[in-house]
Every structure is written in structure tokens, then in C-alpha cells.
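Data first, discussion second: the structure below is written as C-alpha cells.
The shown structure was predicted, so the numbers you read here are calculated from the model rather than taken from an experiment. Convention: sequence-line order gives letters A, B, ...; per-chain numbering from 1. Quick note: numbers below take in every heavy atom, side chains included, and nothing from hydrogens, waters or symmetry partners.
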2 protein chains.
Amino acid sequence: MPQEIPVPPWRRPKKAPPRMPLTQDRIVDTALGILDAEGLDALSMRRLAQELKTGHASLYAHVGNRDELLDLVFDLVLTEVEIPEPEPGRWAEQVKEMCRSLRRMFLSHRDLARIAIDRIPLGPNGIMGMERTLNLLRAGGLRDELAAYGGDLLSTFVTAEALEQSSRHSGAEQNREQAGMFADQLHGYLKSLPAAQFPNLVHLAGPITSLDSDRRFELGLEIIIAGLVAGAGDGVDDGVRTAGPTPAES
Amino acid sequence: MPQEIPVPPWRRPKKAPPRMPLTQDRIVDTALGILDAEGLDALSMRRLAQELKTGHASLYAHVGNRDELLDLVFDLVLTEVEIPEPEPGRWAEQVKEMCRSLRRMFLSHRDLARIAIDRIPLGPNGIMGMERTLNLLRAGGLRDELAAYGGDLLSTFVTAEALEQSSRHSGAEQNREQAGMFADQLHGYLKSLPAAQFPNLVHLAGPITSLDSDRRFELGLEIIIAGLVAGAGDGVDDGVRTAGPTPAES
DNA sequence: TCCATGAACGACCACCGTTCTATATTGGAA
DNA sequence: TTCCAATATAGAACGGTGGTCGTTCATGGA
């Protein structure tokens, strides 16, 4: 890195102040950068302030606290998720496309699933996403309750699956290699169990460990969508027998 | 509290040493106690050591580190989950019973879902549970891949749902009240959105906010089980068309 | 009785999030 | 142009965290 040379004070125009002011946007952008590069544990207020060349206490004038910062980061990346306008006859495929887009977003931002897993996206982009998601789900003819809950279930599924995938590659950065290592180790372990006591684990050691993340994801997606189109929950066994639409509001 | 009187050294039988030794079991039990009473954030090594009337450094002779301690706590509570032996003709109901038992476990131990969400239960009780779960799922006639993944999907679902429920009651202890408060606030907010821009959110404000945790859980359970019995994923659209059993191992 | 072993422990280390207070900077009014 | 009030900035400090290290000490075996 070249040595920093102080700028002579006489050539420094009035405009374009060299001291870029701290703004919430700049903080959130930088936070996302650290997250992508170094993960959630590295994203401390101090590390963030250092990146912004300021003191860590200064951040609190713009973001409230760390948790709120994570809210903002989450809402920011939500802009990357594409939720299609409904087209007739392509409902199931469009739902899958939406979930795949959400998954791509998670996989392209390290540890974001850890942030999202216990957060309800109520920022502006989150609300927009909910609206568009509901629009798509209802286009499939789902009754209100199922549309309302289906969106939750799908996004929870995608988040949890991304979380599992990223937590398997814990600690250091490793792409496919370490994941394969782990799968191999686990496979060996399961195969080594006493077959008399663990017949199913021994028998299924292959399928359990050979499912890669992509296959797991597609499989889960199909299961949930199949369950949704089956109109599950029409009659539940806890007393409520009728399937009529729930009253519009509580 | 009565004053502590030192025991005279002459009456102290050889057996039953009054100084209860630190063991891993005692540590894990105590950790679970703190977890139940005060939550995960309160479960620090120092707090735990204090409860055991010792120094926090002493714990590391028995548990490795905090993460491993949480592994052990997780495995311990897994003993509370009941996984039924398969009975003919009751498959779907038995799967539900298993999931409900798992959920009861989560709800009776504060913050346990937060511990479980990114952990693969590979302790002794976890392995036992996996075996019994696979045994039950396969009794339903699920093909290998679906049985192997179905268990994962179900447990992920139960955990995520428990996590959502417990994170809604964040911070202070609140049973139904605060949850209802939050739902009411959210309902009001959704209803207040501009209907032209957010027609679906406004229309579904009722169903979205009126679903209580129990109903959400049962609904999700039915969706997933319906998807499983539909044998989803027989033909997937990523090139693989045949549904033949995957090779026994990789 | 002596000693080796391993558990227990206090002092540290390098951090963390957050708050308080003092200072610097700035835009606008006089 | 000068001055002031409002605001942004940042340093110090607080009370915590998980984890390590070297030392002390009690206990069981020889």
C-alpha cells in the first residue's frame, strides 16, 4: 500500500468535502461488506468503526444498537430477492423460482441465514417482499390461511436450509471440500455403528450423507409445495372440523 | 440464611466427602437449570461456575468449551423426546406425535431452540433418536431418500417453529399476553398500510396475525406430512428423471 | 510418610456492546 | 463576518464475555 501523503490545505476545493460524512447507508453497506468477507462474528461495532475510519461510539448516532444494524443489513439484502409476478399455469414453478432466488441471496452473503433465522422482516423491503409473496401464493388458489402461513413456512424452510449449509462449513472458509470431508466422515461413522442396534442408520448411511445441499433444497421444496397444493389442514383433528374460511380478522 | 459454621475436622468420616466433586454431569445439569430459569444469554461460564460454587476456569477441565457444553445440554434434553414404535395404520398420527413430543421438549426448556437450530444432534441420545425416527418414517413406506431427508425436514421445522415462538417472547418472560400484544400491533400496522400498494397484506392481515403458535405448528405439520406421503421428488427437474433408488452409498 | 497426579483457581488476555462526556464541526442567524 | 446553537464525532470507561496459563493444593496410592 502506498504511503498516505497529507493533502496540502490550499488545494482542497470547498465542495466535495474529503471527510465523507458518516451516514446510516454507509454504515450498513460497510457492515454488509465485513459480513461477506469475514462473517458475523467478525462484525463488531469496533471492527465496523475501524473500517469506516472512525470511533466505534460514533456509530450509535446512526444505528441505535447492533441488533438494529443487523435488521438494516437484512432488509438491505432483501432487495436482491426476485419475486415473480404471477403467470397462469406456472404457479408451482414460480414459487420454486422465488425460493431459489431467496436461497441464492443467502448463499451469497456469509452468515446471513444466522441473522435472518430469528428475525421477522418488517423493514420496507421485507414488507414489499411479503406483499409480493402473498400475491404469488394466492394466485395458486390457496385459501387465505394457507397463503398466509405458506409464505412463512417456505421462507423458514429456505432460511433453515441455508443455515444448515453454512453452519456445516463452519469456521474457516471452505467450499465443497470440507463439506465432502464431513460427509465422508459421517458416512464412515454411521456405517461403523452396530447394525443390530442401529439397522436404519446403517442401512441409510448412504442416502443420509450423500444428499448434497442442492438436492436437499429441491427435495424439501417439492415436499412443501406438494403439501400446500394438497390443501393440507382442511380438517384438523383438534376439534375444528369445518374448512370454511377463517373470519377475516380476529 | 443461617451462618455457615465450619465443620470440626475430627467429625468428617472418610466416606461421603462433603465437597461434592465437579463432574461433567453436574455441570451439564446445572447449565440446563440456568438455561431454563434465565435463558441462554445468562448461561455464561462465569454464571455457571458461580452456581456450582467454583471458579469458571475449573469448568474447562470437564467440558472443553462453551459450545461443547451446549452440545451436551442439547443431547441431555433429547432424552425427553418420545419416538413411538411403529404401529400399522397409524403412521401419520405417530409422526405427528413424535413431532409434538419434540415441540413440547423445546417449549419446556427456554432458548433450547436457539441452541438446536444450528446443531446436528450427534450425541448418544441424538443418534438413538435418529435411529428411531428413521424406523418410524420407513414404516410409512417412504423410499430411502425421502425417509433420510424427511426426518431432517421435520426436525428442522419443529425447531424453527419453536424458535419463532420463543423469539417472539423475547427478552422478559411473557406467556400469552405479550404475544397477543405483538399480534395486535402487527395487525393494526398491516391494516394501516395503503391498500392500493399492499392489497394482499391488508386483505390477509387477519389470517397472518391470528394464527397462534399451536395452529401454525399443526398446519405446518400437516403440510409437510402431506408432501411426504405424496412422495414428492419422484421426478425432479434438474436432469435426473428416473426415480430409482440412489446407490446405497456414494 | 511421602509423593505424583490432576482438579481447582486466581490472575490475565483480548475482546465485546453500550453509555457518558467532552470536543470538534457545521449551518444558519445576526 | 461573526457568533452561537445544534449536531456529529470520538475517547474513556463500565461491566461484562470466553478462554488460557501457571500455581496451589488435596487426594489416593506406594
Whole Å only: how far is the [atom1] atom of [X] from the [atom2] atom of [N]?
| X | N | atom1 | atom2 | value |
| --- | --- | --- | --- | --- |
| B:Q50 | C:dA8 | CD | P | 18 Å |
| B:M45 | C:dA8 | CE | P | 13 Å |
| A:N65 | C:dT19 | CG | P | 8 Å |
| B:L43 | D:dG16 | CG | P | 16 Å |
| B:L69 | D:dT17 | CG | P | 14 Å |
| A:I27 | D:dT9 | CD1 | P | 8 Å |
| A:Y60 | C:dT19 | OH | P | 7 Å |
| A:L22 | C:dT25 | CG | P | 15 Å |

Original post:
Just checking B:H62: base, sugar-phosphate only, or nothing, at a heavy-atom cut-off of under 4.0 Å?
Top reply: sugar-phosphate
**OP:** Using a heavy-atom cut-off of under 4.0 Å over every strand shown, decide if B:A57 touches base, sugar-phosphate, or nothing.
**Re:**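 Base contact.
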Original post:
Is B:R103 paired with B:E161 through a side-chain N to carboxylate O contact shorter than 4.0 Å?
Top reply: no
Original post:
Crowded around B:E68 CD? As in, over 12 foreign heavy atoms under 6.0 Å?
Top reply: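 Result for CD/B:E68: enclosed.
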Original post:
Are more than 12 heavy atoms from other residues, nucleotides or ligands located less than 6.0 Å from atom CD of A:E82?
Top reply: no
Original post:
Does a distance-only test, which skips hydrogens and angles, find a donor-acceptor pair under 3.5 Å between the side chain of A:H56 and the base of C:dG17?
Top reply: no
Original post:
Taking only residues two or more places apart in sequence, or in another chain, which ones meet A:D41 in a side-chain contact (heavy atoms from CB on, under 4.5 Å)?
Top reply: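 Per chain and number, A:D41 pairs via side-chain contact (heavy atoms from CB on, under 4.5 Å) with A:R114.
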Original post:
Do B:M45 and B:L69 touch side chain to side chain, with heavy atoms closer than 4.5 Å?
Top reply: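 Contact flag for B:M45/B:L69 side chains = yes.
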Sub-3.5 Å pairs of nitrogen or oxygen atoms, protein against nucleotides 13-15 of chain C:
none

Original post:
Looking only at atom types and distance, does a side-chain atom of A:D75 sit under 3.5 Å from a main-chain N or O of A:G126, one as donor and one as acceptor?
Top reply: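 Yes; judged by distance alone, with no hydrogens or angles, the pair exists.
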**OP:** Please confirm whether A:F157 and B:F157 have ring centers closer than 6.0 angstrom.
**Re:** no
